[in-house]
Amino acid sequence: MTEWIPAAEDFIEADVIRWTEPVWSDKKRGKGKNAKKYVMLAKQSVVGQIKGREGDYVLIEVISAEIAPEAGKTTSQTLYPYEIGTTIRKKPTTLTKNGLERRLWSDETARDAVLKGG
């Protein structure tokens with residue numbers, strides 16, 4: 001059984017992480033006071049492996065991604081999850097906002113040694 005723990009921004013290359021993020025409409029909608037607002041259409045659950053860093057961003061290879069539509073929301077817009085195997089860039093602070101979790105390594109002491117640089 002795979003065990004997940006809450007994660008902070010201290011992830012390292014080879015960590016496997018998962019999070020859920022909103023999927024927004026591609027057009028602004030609404031009338032009156034609600035004009036020009038994007039609408040959250042669904043939530044996407046993503047599992048990915050850290051591949052490295054690029055400036056302020058983390059590079060993540062997508063292992064799996066699945067979209068769950070929000071109850072009561074309809075759209076003619078086709079919603080596509082991230083493609084498996086692609087690399088996406090995310091800011092660590094954005095990931096931690098969305099319930100980030102990290103899969104435990106089979107040997108957490110090895111991970112600690114890598115994290116400490118030794």
Side-chain angles (χ1 to χ4, degrees):
M1 184 172 149
T2 304
E3 193 171 342
W4 296 87
I5 60 170
E9 294 180 30
D10 67 344
F11 34 74
I12 58 173
E13 197 168 321
D15 275 348
V16 175
I17 59 173
R18 71 177 178 186
W19 72 97
T20 302
E21 63 185 35
V23 177
W24 298 94
S25 60
D26 60 354
K27 295 181 181 174
K28 293 180 181 181
R29 300 180 180 177
K31 297 178 183 175
K33 288 182 180 180
N34 296 325
K36 298 182 181 173
K37 291 192 178 179
Y38 292 97
V39 176
M40 186 173 70
L41 301 173
K43 289 191 177 180
Q44 179 170 215
S45 298
V46 185
V47 176
Q49 183 172 16
I50 305 293
K51 290 296 177 185
R53 292 188 180 257
E54 187 178 270
D56 292 340
Y57 293 88
V58 177
L59 302 175
I60 306 162
E61 182 179 334
V62 177
I63 295 171
S64 71
E66 157 181 319
I67 290 183
E70 284 289 287
K73 300 283 171 100
T74 58
T75 180
S76 58
Q77 177 182 336
T78 305
L79 304 176
Y80 297 104
Y82 293 126
E83 193 173 316
I84 294 171
T86 59
T87 300
I88 57 174
R89 292 173 6 136
K90 294 282 184 183
K91 284 195 173 185
T93 52
T94 302
L95 290 169
T96 56
K97 289 180 193 174
N98 295 313
L100 181 67
E101 293 180 306
R102 180 179 63 80
R103 185 166 60 194
L104 287 175
W105 285 30
S106 57
D107 183 4
E108 280 290 307
T109 55
R111 182 186 184 276
D112 290 341
V114 172
L115 191 61
K116 292 175 184 170

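When a residue number appears, it is its place in the shown sequence, counting from 1.
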Search all heavy atoms of [X] against all heavy atoms of [Y] and return the closest pair with its distance.
X    : Y    : result
W4   : I17  : CZ3-C, 3.8 Å
P69  : A42  : CA-CB, 3.6 Å
W105 : A110 : CZ3-C, 4.3 Å

Task: Q44 vs P81 side-chain heavy atoms within contact, under 4.5 Å - done: yes

TODO: Side-chain contact test, heavy atoms from C-beta onward, threshold under 4.5 Å: evaluate it for T96 versus W19 and give yes or no.
DONE: no

Side-chain atoms of residues 50-65: list all donor-acceptor pairs with protein atoms under 3.5 Å, sequence neighbours left out, distances to 0.1 Å.
| from | atom 1 | to | atom 2 | distance (Å) |
| --- | --- | --- | --- | --- |
| K51 | NZ | E61 | OE1 | 3.4 |
| R53 | NH2 | E9 | O | 3.4 |
| E54 | OE2 | R89 | NH1 | 2.5 |

Task: With V16, the side-chain contact (heavy atoms from CB on, under 4.5 Å) member among E101, R103, R102 - done: R103

Open item on the list: Is there a path of hydrophobic side-chain contacts, each under 4.5 Å between heavy atoms, that joins Y82 and L95?
Closed with: yes

TODO: Treating Ile, Leu, Val, Met, Phe, Trp and Tyr as nodes and any side-chain heavy-atom pair under 4.5 angstrom as an edge, say whether V23 and L100 lie in one connected cluster.
DONE: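 No, V23 and L100 fall in different hydrophobic clusters.
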
Open item on the list: Taking salt bridge (Lys or Arg N to Asp or Glu O under 4.0 Å) as the definition, give me every residue that meets it alongside E13, ordered by chain and number, with sequence neighbours left out.
Closed with: none

- [ ] Quickly, which of K90, K43, K97 forms a side-chain hydrogen bond (donor to acceptor under 3.5 Å, both in side chains) with E21? Name it, please.
- [x] K90

Task: Spacing of I67 atom CD1 and T78 atom OG1 [to the nearest 0.5 Å] - done: 10.0 Å

